[in-house]
Each structure stands twice: as structure tokens, then as C-alpha cells.
Participant: 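Dumping the structure here so I can ask a few things about it.
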Amino acid sequence: MSNSSLREKNIVFIGFMGAGKTTVGKLVAKKLYRDFIDIDEEIEKEYNMPIPKIFAEIGEKAFREKEKELIQNLCDYKLKIISVGGGAFLQEEIRRVCLSSSIVFYLDITWDAWKGRLSSIIDSRPVLQGKSMEEIEALFYKRKEIYKNNYHSTIEISNQNMDELAESIVQTLKLSWELHETK
């Protein structure tokens with residue numbers, strides 16, 4: 001891989017729903033002068049309805065197919081910042097294409113820190129609907145298992161300032177690019 005190609009790779013943010021992938025992704029995109037793409041928003045635009053309605057009317061299977069198609073297409077491009085939905089990495093094809101074509105950052109959040117965000121996100125997350133706290137916690141840890149071996153870099157998210165977090169990601173990227181250029 002040439003030095004310039006590392007610098008041109010897409011940056012993909014993964015992590016549990018509500019971890020801050022979109023917020024951090026937008027900030028990193030702004031700092032690096034890149035386009036930001038939120039996969040969930042793109043799917044909503046395509047179907048012209050919010051995700052809970054897509055799940056209810058078209059089903060999760062169709063949603064997951066559309067998610068895979070969009071991510072695979074976007075991974076053919078360069079210089080994008082992409083936030084993928086919390087469930088995207090359940091699909092092996094998505095994990096494979098992201099890890100081979102992009103720099104994948106896992107936004108890791110503790111259960112306690114995430115629980116504090118639940119009330120503000122639950123209505124827009126169909127996967128959480130009708131689940132008990134125990135079921136949500138089980139889902140949280142099940143997905144954590146999937147994320148934990150499928151990234152290039154991990155960022156601990158607790159309650160730090162999102163702008164500082166984005167700045168630290170940008171500095172990490174720039175350092176890594178510089179190291180590759182001096183090799």
C-alpha cells in the first residue's frame with residue numbers, strides 16, 4: 001500500500017447505538033475537510049421514512065440488505081467519514097469490506113455510561129423497542145463481543161467532550177499517516 005493511499009482511506013466509526021458515532025464522525029469530518037455519511041440517515045432518505053417505520057413496514061431483513069449494499073458501495077470511494085449503524089457489524093460482509101478498505105474506529109462505551117443516554121435514544125431505535133433492561137444489557141454485551149475484534153483503533157467514550165474526542169482521533173490519524181510516510 002502506498003503512503004498516499006493510507007491517507008486517502010475512508011474512516012469508519014462503529015459502536016453500539018447511541019455511543020456517539022454520528023456526533024464524533026461529523027466533528028472529525030469537519031476537522032479533516034471530508035464528507036460525512038451516516039448510513040442510517042442515507043437509508044432513511046432512500047425509503048423516505050424514519051428507521052422505526054422502515055423496520056415496522058419493510059422489516060429488519062430489508063433494512064440490513066440496504067445497509068450492506070450502501071456500505072459496500074461507499075467503501076469503493078476514498079476520503080469519506082462513515083458512521084455505520086450499531087447493528088451493521090453483525091454482518092460479516094460489512095466487517096470484511098470495512099476492515100479491508102477503511103480505517104475502523106470502535107467507539108467503546110461502558111454499560112453505565114451508555115445507560116445514562118438510553119432515555120434520549122430509545123424512541124428512535126427499533127431494536128430496543130419492547131425490551132426489558134436485562135434484554136437491552138444482554139444485547140449491549142453481545143454486540144460488544146462483535147465489535148471488540150473488528151477494528152483498527154478503539155476510543156473509550158465515557159462522558160468526555162465530543163470535540164476533544166474528535167481532536168484526539170484526528171491527531172491519532174495524522175500521527176499514523178506521518179509514521180507511514182517516514183517508513
Side-chain angles (χ1 to χ4, degrees), residues 10-32 34 36-44 50-56 60 63-64 67-68 70-71 80-92 94-96 98-99 102-176:
N10 292 328
I11 295 156
V12 173
F13 288 102
I14 66 166
F16 200 61
M17 57 194 103
K21 298 179 297 287
T22 298
T23 306
V24 171
K26 282 179 178 170
L27 290 165
V28 170
K30 198 172 167 187
K31 290 172 187 292
L32 291 176
R34 291 189 180 194
F36 172 76
I37 297 150
D38 181 302
I39 296 297
D40 286 352
E41 281 177 19
E42 294 302 309
I43 295 171
E44 286 180 334
I51 286 172
K53 199 170 179 190
I54 295 170
F55 267 61
E60 184 175 0
F63 173 86
R64 296 289 174 207
E67 181 178 55
K68 182 168 69 178
L70 271 173
I71 293 169
K80 305 281 182 220
I81 308 279
I82 304 165
S83 163
V84 303
F89 261 47
L90 300 174
Q91 299 187 59
E92 191 190 337
I94 291 178
R95 292 195 301 266
R96 201 172 33 239
C98 288
L99 288 164
S102 309
I103 300 168
V104 178
F105 277 92
Y106 167 38
L107 301 187
D108 191 9
I109 187 167
T110 65
W111 168 247
D112 286 338
W114 183 83
K115 230 172 22 181
R117 300 175 178 195
L118 182 58
S119 61
S120 64
I121 64 163
I122 194 159
D123 292 341
S124 62
R125 303 308 200 278
V127 172
L128 301 178
Q129 302 306 309
K131 285 193 168 53
S132 69
M133 212 52 190
E134 290 75 23
E135 289 169 317
I136 292 172
E137 187 174 6
L139 178 70
F140 178 88
Y141 285 109
K142 184 177 169 196
R143 292 215 178 151
K144 208 175 176 73
E145 278 302 304
I146 290 163
Y147 304 137
K148 81 174 189 190
N149 298 313
N150 291 293
Y151 60 82
H152 297 111
S153 190
T154 182
I155 303 289
E156 283 293 325
I157 301 258
S158 49
N159 293 316
Q160 58 277 56
N161 174 298
M162 288 299 197
D163 195 60
E164 287 169 13
L165 204 64
E167 188 55 41
S168 122
I169 291 168
V170 167
Q171 293 313 316
T172 300
L173 285 164
K174 286 182 175 174
L175 185 64
S176 136

Participant: Name all residues meeting the side chain to side chain contact (heavy atoms under 4.5 Å, CB included) criterion together with A56; count only those two or more places apart in sequence or in a different chain, and write none if there are none.
Facilitator: none
Participant: Using side chain to side chain contact (heavy atoms under 4.5 Å, CB included) as the criterion, list what pairs up with R64, not counting sequence neighbours.
Facilitator: F55, E60, E67, Q91, V127, R143
Participant: Please report the closest heavy-atom contact between S83 and K21, naming both atoms and the distance.
Facilitator: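 Distance-wise, the nearest heavy atoms are OG-CB, 3.4 Å.
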Participant: Which pairs would a plain distance check flag for residues 161-170, meaning a side-chain donor or acceptor within less than 3.5 Å of a matching protein atom at least two apart in sequence or in another chain?
Facilitator:
| unit_1 | atom_1 | unit_2 | atom_2 | d |
| --- | --- | --- | --- | --- |
| N161 | OD1 | D163 | N | 2.7 |
| N161 | OD1 | E164 | N | 2.9 |
| D163 | OD1 | K31 | NZ | 3.4 |
| E167 | OE1 | K31 | NZ | 3.1 |
| E167 | OE2 | Q171 | NE2 | 2.6 |

Participant: Please identify each residue that fulfils salt bridge (charged side-chain N to carboxylate O under 4.0 Å, His left out) with D38, with sequence neighbours left out.
Facilitator: none
Participant: Quick one: pull up CD1 in I157 and CG in L107 and give me the separation to the nearest 0.5 Å.
Facilitator: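 Output value for this atom pair is 4.0 Å.
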Participant: Who passes side-chain hydrogen bond (donor to acceptor under 3.5 Å, both in side chains) against K53, sequence neighbours left out?
Facilitator: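 side-chain hydrogen bond (donor to acceptor under 3.5 Å, both in side chains) check on K53 returns nothing, list empty.
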Participant: Please list all pairs meeting side-chain hydrogen bond (donor to acceptor under 3.5 Å, both in side chains) that have one or both residues in residues 147-156, counting only residues at least two apart or in different chains.
Facilitator: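 Qualifying pairs: E145-K148.
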Participant: With a 4.5 Å heavy-atom cut-off, do K174 and L32 have their side chains touching?
Facilitator: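 SC-SC contact between K174 and L32 confirmed.
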Participant: Could you tell me which residues satisfy salt bridge (charged side-chain N to carboxylate O under 4.0 Å, His left out) with K30, sequence neighbours excluded, listed by chain and number?
Facilitator: none
Participant: List the atom of M133, the atom of W111, and the distance in Å for their closest heavy-atom pair.
Facilitator: CE-CZ2, 4.0 Å
Participant: Could you tell me which residues satisfy salt bridge (charged side-chain N to carboxylate O under 4.0 Å, His left out) with K131, sequence neighbours excluded, listed by chain and number?
Facilitator: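 Result, salt bridge (charged side-chain N to carboxylate O under 4.0 Å, His left out) vs K131: none returned.
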Participant: So, E44 side chain and I51 main chain: donor-acceptor pair closer than 3.5 Å or not?
Facilitator: yes
Participant: If you define the side chain from C-beta out and look only at heavy atoms, does anything of K144 sit under 4.5 Å from Y106?
Facilitator: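 Yes. Closest side-chain heavy atoms under 4.5 Å.
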Participant: For a 4.5 angstrom cut-off between non-hydrogen side-chain atoms, does V24 reach I155?
Facilitator: no
Participant: First locate atom CG of L27, then atom OG1 of T22, and finally report the distance between them rounded to the nearest 0.5 Å.
Facilitator: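 That separation rounds to 11.0 Å.
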Participant: Heavy atoms only: give me the nearest F63-D40 pair and the separation to one decimal.
Facilitator: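 Of all heavy-atom pairs spanning F63 and D40, the closest is CZ-OD1, 3.6 Å.
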Participant: Checking N10 now: which residues fulfil side chain to side chain contact (heavy atoms under 4.5 Å, CB included) with it, not counting sequence neighbours?
Facilitator: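 Only K80, I82, S102 meet the side chain to side chain contact (heavy atoms under 4.5 Å, CB included) criterion with N10.
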Participant: Is there a side-chain contact (heavy atoms from CB on, under 4.5 Å) between I71 and F89 once you walk through the steps?
Facilitator: CA-CA 11 Å; I71 293 169; F89 261 47; over 6 Å; no
Participant: Can you give me the closest heavy-atom contact between G25 and I81, atom names plus distance?
Facilitator: O-CG2, 3.5 Å
Participant: What residues form a ring-ring contact (aromatic ring centres under 6.0 Å, His included) with F36, not counting sequence neighbours?
Facilitator: none
Participant: Taking only residues two or more places apart in sequence, or in another chain, which ones meet E135 in a side-chain hydrogen bond (donor to acceptor under 3.5 Å, both in side chains)?
Facilitator: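 With sequence neighbours excluded, E135 shows a side-chain hydrogen bond (donor to acceptor under 3.5 Å, both in side chains) to S132, given in chain and number order.
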Participant: Hey, is the main chain of T110 close enough, under 3.5 Å, to the side chain of K115 for a donor-acceptor pair?
Facilitator: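 Not at all, since once roles are kept as given, no pair shorter than 3.5 Å links the two residues.
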Participant: Can you tell me how far CD of E134 sits from CG of L139, rounded to the nearest 0.5 angstrom?
Facilitator: 13.5 Å
Participant: Determine, stepwise, if the pair I146 / R95 fulfils side-chain contact (heavy atoms from CB on, under 4.5 Å).
Facilitator: CA-CA 10 Å; I146 290 163; R95 292 195 301 266; 4.0 Å; yes
Participant: In Å, rounded to the nearest 0.5 Å, how long is the span from CG of L173 to CZ of F105?
Facilitator: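 Nearest 0.5 Å value for the CG-CZ distance: 4.0 Å.
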Participant: Compile the donor-acceptor pairs under 3.5 Å between side chains in residues 11-20 and protein atoms, sequence neighbours left out, one pair per line.
Facilitator:
none

